[in-house]
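Okay, so here's the structure we're looking at.
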Amino acid sequence: MRLVDEFRDAAAVRSLVAAIESTVTRPWTLMEICGGQTHAILKFGLDQLLPAGVRLVHGPGCPVCVTPIEMIDRALVIAARPEATLCTFGDMLRVPGSREDLLSVKARGGDVRVVYSPLDAVELARARPEREVVLFAVGFETTAPATALAIKTAAAGGVGNFSALVSHVLVPPAMHAILAAPDVQIDAFLAAGHVCTVMGTEGYVALARRHGAPIVVTGFEPVDLLAGVLRAIRQLEAGEARVENAYARVVQAGGNPLARALLDEVFEPVDRAWRGVGVLPRSGLALRGAYRGFAAEERFPIAELRAREHPECIAGHVLRGAKRPTDCPLFGGECTPTRPRGAPMVSSEGACAAYYRYRRRADGEGA
Amino acid sequence: MSASAWGAAGLPACPISLRDYPRVTLAHGAGGRLSAELVERMFVATLGGESLRARHDGARVRVGGRGDVVITTDTYVVSPLRFPGGDIGTLAVYGTTNDLAMCGARPRALSLGLVLEEGLPMDTLWRQVLAIRAACELVGVEVVTGDTKVVERGKGDGMFVNTTGVGAPVDAPAPRPARVRPGDAIIVTGDLGRHGIAVLAAREQLMIETPIESDLATLVEPALALLEGGVDVRCLRDLTRGGLASALNELAASAGVRVELDEERVAVHPTVRGVCELLGFDPLYVANEGRFVAIVAPEHVDAALELLRRFPVTAEAVAVGRVLERGPAEVVGRSAYGTTRVVDMLSGAQLPRIC
C-alpha cells in the first residue's frame with residue numbers, strides 16, 4: 001500500500017528528527033495515548049532517534065488492558081455455560097482473569113469464537129437460534145460504533161438470542177485523570193488518531209486549556225508519530241497549549257457524525273472501572289433505555305464474582321504512565337506473553353508486550 | 001532420573017507446567033514459542049535421538065547400510081479445504097516434499113494418511129485426490145502407501161491429511177543448522193505473508209478489493225538447483241506457519257548464532273501489508289507455503305541469487321540479512337532509519353487486534 005510506505009519514508013523520518021532536534025531546548029515528557037502508537041514507536045525504534053531530553057511515556061490506550069477484571073471473569077463464566085457462544089475480538093482470548101483466560105475455557109469445550117466485526121456475532125445468532133450468542137464488546141470510541149450498530153441490527157431484526165457484554169470506554173476521561181494525578185508529570189499528549197476519526201477533536205479543547213497541555217492528534221506510522229512529536233514540542237517551546245491535528249488526512253474536527261449519533265442512540269456514559277486504574281467518572285458506555293434488554297448481565301445474572309489481581313503486577317502504574325514495564329518485578333520472568341500475569345503483557349497494544357517483544361534483549365533489560 | 005521428577009503415579013512429571021497449561025490450547029500449534037516449548041520439552045527431550053535433536057525439517061537415516069534416505073512428515077489441517085491459490089491436497093504434497101528439498105533430498109515417495117469427517121461430500125474428496133495426483137506429477141513423486149480413517153461428524157474439519165515423504169540426498173553437503181557460521185548471508189526467495197492472508201481472507205470472508213492468492217508452490221527444483229549448482233549452501237528452511245521471523249529464530253537457536261535482518265529489504269505485497277495493518281499483524285509472522293530461506297557462504301550470494309532467479313517461484317529472491325557472531329540466539333531487525341529491535345519468536349497465535 002503506498003499509503004503506508006509514504007509514511008514510513010526514511011528521508012521524511014530523518015528530516016523530522018532534524019527539525020525536532022533544532023526545536024527542542026529543554027527536556028519534555030510526552031505521552032502517546034494509544035497502544036498502537038506505543039508498539040509502532042518501539043517496533044521502529046523511534047525513541048532511539050529522539051534527542052535525549054525528549055521522553056515518551058506510554059498511555060492507557062490498550063482496550064484489553066483496561067477492561068476490568070470483573071468483566072473478564074464475567075465473560076469467563078458466560079463462556080463456560082453450555083448454552084452460550086461467546087464472541088469477542090482475538091486479543092481478548094488471552095487476557096488473564098482472576099483464575100484463567102478465555103483460551104483455556106475454549107480448550108475445555110467452551111464455545112468461544114473470534115469475530116472480526118460485531119455484526120458477525122448477530123449473524124451467528126440468527127443462524128443458530130438455539131444458542132445464546134454473547135458479544136464481549138471491548139474497545140474505545142473506535143470500536144463502540146460497530147457494537148452499537150450490531151445491537152441496533154439485532155433489535156430491528158428481533159434477534160432475541162443475541163446479547164452484549166459491553167465494556168466500551170472513553171479516552172478523554174482517562175486523559176483528565178492522568179493530568180490530574182500528582183505522581184505523573186506529562187507535558188503534552190499525542191492523542192490517538194483513530195479515536196478522533198470517530199469523535200473529532202472538540203472534546204479535547206477544554207482538557208488542553210484546563211491543564212495547560214498541548215494535545216496533538218497523531219497517527220500511527222513513523223512519519224505521523226514524529227510529526228506529532230514535532231508539533232507538540234513546538235507548542236511546548238512556545239508556551240502554547242492547543243489542540244492541534246497532525247493527522248488531518250484522516251481526522252476531521254467534527255469526527256464522524258453518523259457514528260457519533262449511533263453511539264448517542266444506543267449508549268449512555270456511565271462511571272466505569274479501568275483495570276489497574278480505578279473508577280473514572282463517565283468514562284464508560286452502557287446500553288441506554290430501549291436497548292438495555294440486550295445487556296448480557298441481565299441474561300446471565302451472576303451472583304458474586306471475587307476478582308483477584310496478581311499482587312505484584314504493576315499494570316495500573318504502567319497504564320497511567322507512572323512506571324515503565326521494565327520497572328515491574330514480574331517483567332520477562334514470571335510474566336511473559338506466553339504466560340501473562342497482567343493484561344498489558346497480552347495485547348498487540350499492551351506496553352509490556354511491546355517492551356518484551358521489541359526491546360528485551362537488545363537493551364539488555366528483562367529476561 | 002531423580003526421584004523428585006516422578007509424580008504420584010510413578011510417571012515422570014509432565015515437562016509442561018500443568019498449572020499454566022492444564023490443557024492443549026490452539027497456541028500450542030501456532031508455530032510460535034508455545035509450539036517450540038512443546039516440541040522441545042516434551043517431544044525432543046523424551047523421544048529424541050541425534051536426528052530429532054538437530055531440529056531440522058526432516059531427518060537423514062541410514063537404511064540397511066546402502067546410503068542415506070531423508071524422511072519427513074507433516075499433517076495438514078487447513079480450513080477451508082480450498083483457498084485462493086490452492087487446496088489441502090496440493091498443500092499436503094508440496095509442503096512435505098518442500099521439507100525434503102530443504103534437507104537436500106530429491107523426493108521419491110509419499111505416504112498419504114487421510115482422516116475424513118462423516119458427511120464430507122464425496123465430490124470434495126475426489127477433487128482433493130485429483131489435486132494430490134496433479135501435485136505429485138509436478139513434483140515427480142509417487143504416493144506409495146496410504147491409510148484412510150473416517151471420524152464422526154463434528155470430530156474433524158472435513159478432512160485432515162498427513163503425508164510422510166522419503167527422499168534421496170543429492171550429491172552435496174547436507175544443508176543443516178550446524179553448518180551455519182558467522183558472516184553467512186541470508187536469502188529470502190520472495191515476498192511474504194500471502195498464504196496466511198489468503199487463507200484468513202477465505203475463512204473469514206474478509207472483503208478485500210484485490211484478492212490475494214496463496215504463494216503455495218513446489219520449491220524442490222530451485223532448492224536442489226542451489227545444491228547441485230555448486231553454491232555452498234549452509235542451511236535451507238521453508239517458511240511455514242510462523243513466518244520468516246519464527247524460521248529465523250529457530251535457525252538462530254539451532255545454530256547458536258545472532259542474525260540480523262534488514263527489514264526494508266523484505267518484500268510484502270501491498271494487499272498483504274494492508275490487511276496486516278488492519279488486523280494488527282506483522283507480515284514477518286504470517287504463514288507462507290512457497291518461500292524459503294537459504295543461508296549461504298558470503299562469497300556465494302551472487303551465484304545463489306542468479307540461480308534462484310531462473311525459477312519463476314524464486315525470481316524475486318533477495319539477500320535480506322546476515323549471520324552475526326556465535327552466542328545467545330537472537331534475531332535483530334534493522335530498520336531503514338538505522339534503529340534496531342528484537343524480532344522475537346511469536347508467543348502464541350497472532351490474534352486480530354481490537355482497534
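Source: prediction; values computed, not measured.
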With only heavy atoms counted, which part of B/Arg19 is less than 4.5 Å from chain A, the side chain, the backbone, both or neither?
side chain
Please classify the contact between B/Val332 and chain A as side chain, backbone, both or neither, with a heavy-atom cut-off of under 4.5 Å.
neither
First locate atom CG of B/Asp20, then atom CD of A/Glu100, and finally report the distance between them rounded to the nearest 0.5 Å.
12.5 Å
Passes side chain to side chain contact (heavy atoms under 4.5 Å, CB included), A/Leu226 versus B/Tyr337? Steps please.
CA-CA 13 Å; A/Leu226 291 171; B/Tyr337 325 128; over 6 Å; no
Take B/Arg33 and A/Thr336, measure what side chain to side chain contact (heavy atoms under 4.5 Å, CB included) needs, and give me the verdict at the end.
CA-CA 11 Å; B/Arg33 187 178 298 281; A/Thr336 64; 6.0 Å; no
Answer whether the closest heavy-atom distance between the side chains of B/Thr25 and A/Arg94 falls below 4.5 Å.
no
Taking atom CZ of B/Arg82 as the centre, does the number of heavy atoms from other residues, nucleotides or ligands within less than 6.0 Å exceed 12?
no
Distance-minimising heavy-atom pair for A/Tyr358 and B/Arg341
CE2-NH1, 2.9 Å
Would you indicate whether the side-chain heavy atoms of A/Lys43 and B/Asp282 approach each other to under 4.5 Å?
yes
Check this for me: B/Glu325, atom CD, are more than 12 non-hydrogen atoms of other residues, nucleotides or ligands nearer than 6.0 Å?
yes
Do B/Arg23 and A/Asp101 meet the salt-bridge criterion of a basic N to acidic O distance under 4.0 Å?
no
Counting only heavy atoms not in B/Glu118, do more than 12 sit closer than 6.0 Å to its CD atom?
yes
Check for me whether A/Arg357 meets the cation-pi criterion with B/Tyr285, that is, NZ or CZ under 6.0 Å from the six-membered ring centre and within 45 degrees of the ring axis.
yes
For the side chain of B/Thr339 and the backbone of A/Phe44, is there at least one donor-acceptor N/O pair under 3.5 Å apart?
yes
